[in-house]
Amino acid sequence: MPDWKKAAYVAAQAADARVNVELEAEGMTLNIGPQHPATHGTLRIVCRLDGEQVVWADPVPGYMHRGYEKLCEVRNYPQINTLVNRIDWLGSFCNEVPFILAAEQLMEVEAPERAQWIRTIFFELGRQANLILFLGDVGTQLGAITPVFLAFRDREHVLNMIEAATGGRFHPNFDRIGGLKDDLPKGWLDETVSAMKRVEDFCDEVEDLMIGGTIFQQRTRGVGVIPAEVGLEYGLTGANIRASGIDWDLRRDSESPLAWKSADFKVVTHPDGDSFARCWVRLQEVRESARIVRQLCEGLPAGPIMAKVPKIIKVPAGEAYVETENPLGVMGYYLVSQGGLGPFRLKIRTPSFNNIAIAPWVLRGVYVPDVITILASLYFILGDIDR
Amino acid sequence: MGLVEKGLLPKPLTKLLNTARSYSLWVYQWGLACCAIEMGAAFGSPRYDVMRLGVIPFPASARQADFVCVSGTATDKMAPPIRRLYEQMPDPKYVISMGSCANSGGPYWDSYSVLKGVDQIIPVDVYVPGCPPRPEALLEGIVLLQMKIRGEDMAERWRGEPLVVGGGLEHGGVPEEKQVAVLKARKKNPAPA
């Protein structure tokens with residue numbers, strides 16, 4: 001070996017050693033967010049890296065904290081109804097329902113049967129609007145840009161139906177204590193049934209293009225596995241825990257006055273608990289939701305949509321806790337009233353806050369690209385975390 | 001480009017430059033809350049298709065953007081990052097404030113943790129009202145911004161009152177004809193440098 005080659009070899013070895021020492025001596029802190037497409041808004045995650053692996057990850061919530069619980073103490077009930085629409089902004093109607101049910105429980109008012117059925121229809125439309133966007137968004141974060149265009153295209157069909165009946169594209173503010181604001185417009189039910197066909201077509205398309213595809217499965221299978229026990233300990237709810245094999249859905253398992261009992265649907269579970277299972281369960285949930293809406297539209301009973309309630313709403317003193325199965329998981333309102341125009345205290349239990357609480361556990365030891373996969377499949381909404 | 005900043009460019013050239021700038025806007029999407037979804041629908045969906053207006057919604061960072069669309073609730077904790085990324089944008093830069101929260105605090109006007117309008121920290125060019133505004137409203141806001149860019153005198157870029165989309169005179173808004181007239185008048189009689 002000539003001298004110059006020997007010298008170059010030694011220099012290269014020395015440089016490698018130096019790089020290795022530098023890499024090993026100190027890790028790197030990677031800051032994701034607060035403005036990053038993968039964080040669905042404004043979540044900030046601070047990752048400590050060792051090479052390509054995450055040593056620990058620390059979510060920093062609070063960038064979207066708007067002080068809901070304090071605001072609700074100075075608003076009256078119709079105003080709060082407007083406000084809580086904006087907690088989980090993708091499926092807004094689902095936020096109204098448990099709050100209204102809690103107030104109705106204290107006032108001992110029961111909405112008529114038709115109102116409950118229409119509530120259920122809008123609840124499921126909200127779920128579809130939410131999860132369709134999830135299915136598009138998860139594709140974007142794994143590098144497929146097409147699904148999000150499909151999602152925005154087909155989500156419009158659901159939003160059109162919500163807008164036709166309520167006037168709001170995704171903040172309907174349609175629920176009232178004792179019933180609903182208005183009855184459905186003429187021809188709405190038929191239109192909705194045909195919109196459900198579009199939603200099911202979208203599900204097929206996404207399954208063909210993305211979820212059934214090899215690339216997607218290689219990126220998501222076995223990534224971010226959450227065993228059922230761990231998930232339960234962290235308080236995971238909704239599709240996240242159903243993807244770990246826990247067969248639990250408040251639509252079926254609780255004594256809700258809404259009309260889910262009258263519809264025939266399946267609670268979808270998956271035994272794996274990885275990122276793929278979470279995406280797959282949500283895809284199936286959109287299909288089941290479309291089935292529910294179709295059945296309810298076909299069997300909608302006639303009758304009034306509003307019970308007798310006083311014009312100025314005062315809720316008698318007492319406490320009530322009502323929870324429902326929202327698109328992201330279990331959402332509950334703990335309402336404490338002292339007989340005034342507004343609640344004395346309103347505690348809001350939102351699903352995303354608990355779902356993101358597991359992030360430090362599940363992100364430990366994964367590779368950096370998988371961080372995005374896991375966050376996308378855990379599916380949180382920042383307004384839902386921070387309130 | 002010293003001539004541009006001093007306002008010494010010949011008028012036809014200014015016009016050409018302004019027209020070119022107004023049809024190649026890179027927008028940085030600062031999506032914060034509900035409005036981010038409507039912004040996504042306007043920018044990312046085939047139904048609204050913002051690219052036909054010459055707006056490209058996917059810059060890699062704020063440093064490549066011409067204007068930023070602040071959509072949603074800006075909280076006190078979020079304010080420093082907003083200011084910081086705004087400062088990273090190259091001049092000339094514009095801001096669209098989308099939604100009631102970004103305009104004035106919106107439904108959280110009495111909250112302890114919400115900024116009462118993003119114009120408290122960065123200068124806003126176009127306000128789009130609504131909670132949330134429809135995607136069409138955002139598109140109209142972009143068209144107004146393009147109008148403003150086409151009619152603007154580069155030397156006094158930051159002068160003048162903001163434009164309000166769709167607002168009648170009674171709400172403090174300016175009708176379209178008057179906006180054009182105002183912009184023309186401003187162009188004829190530029191303020192002394």
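Lettering follows sequence order; numbering is per chain, from 1. Everything numeric here is computed off the predicted structure, so don't read it as measured data.
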Region of B:Pro107 in contact with chain A, defined by heavy-atom distances below 4.5 Å = both
ask   = Does CZ belonging to B:Arg52 count more than 12 external heavy atoms closer than 6.0 Å?
value = yes
message = Taking side chain as everything from C-beta outward and backbone as N, CA, C, O, which of these in B:Cys131 sits under 4.5 Å from a heavy atom of chain A? Side chain, backbone, both or neither.
response = both
inquiry  = More than 12 heavy atoms of other residues, nucleotides or ligands under 6.0 Å from NZ of A:Lys347: yes or no?
reply    = yes
ask   = Taking A:Arg75, A:Arg153, A:Arg155 one by one, which has the highest count of heavy-atom pairs under 4.5 Å against chain B?
value = A:Arg75
request  = Heavy atoms only, distances under 4.5 angstrom: which of A:Gln79, A:Glu156, A:His171 has the most pairs with chain B? Name it, please.
outcome  = A:Glu156
task = Would you mind checking which part of A:Leu159 comes under 4.5 Å of any heavy atom in chain B, side chain (CB onward), backbone (N, CA, C, O), both or neither?
result = neither
ask   = Does A:His65 have its ring centroid less than 6.0 Å away from the ring centroid of B:Tyr112?
value = yes
request  = Report, as yes or no, whether the 6.0 Å neighbourhood of atom CZ on A:Arg349 holds more than 12 heavy atoms from other residues, nucleotides or ligands.
outcome  = yes
query = Closest approach of B:Leu32 and A:Trp89, non-hydrogen atoms and distance?
reply = O-CH2, 3.8 Å
ask   = Is there side-chain contact between B:Arg47 and A:Phe152, with heavy atoms separated by less than 4.5 Å?
value = no
Ignoring hydrogens and angles, write down the donor-acceptor pairs under 3.5 Å from the side chains of residues 34-43 of chain B, residues two or more places apart or on other chains.
unit_1  : atom_1 : unit_2   : atom_2 : d
B:Glu38 : OE1    : A:Arg169 : NH2    : 2.9
B:Glu38 : OE2    : A:Arg169 : NE     : 2.7

remark   = Whatever's closer than 4.5 Å to a heavy atom in chain B on A:Leu90 counts as side chain
note = If one checks every heavy atom of B:Pro135 against chain A at 4.5 Å, the contacting part turns out to be side chain
inquiry  = Take a 6.0 Å sphere around NZ of B:Lys116 and say whether it holds more than 12 heavy atoms from other residues, nucleotides or ligands.
reply    = yes
remark   = For B:Asp66, the side-chain contact (heavy atoms from CB on, under 4.5 Å) test, sequence neighbours excluded, returns B:Leu25, B:Trp26
query = Going from OG on B:Ser113 to OH on A:Tyr63, what distance comes out if it is rounded to the nearest 0.5 angstrom?
reply = 13.5 Å
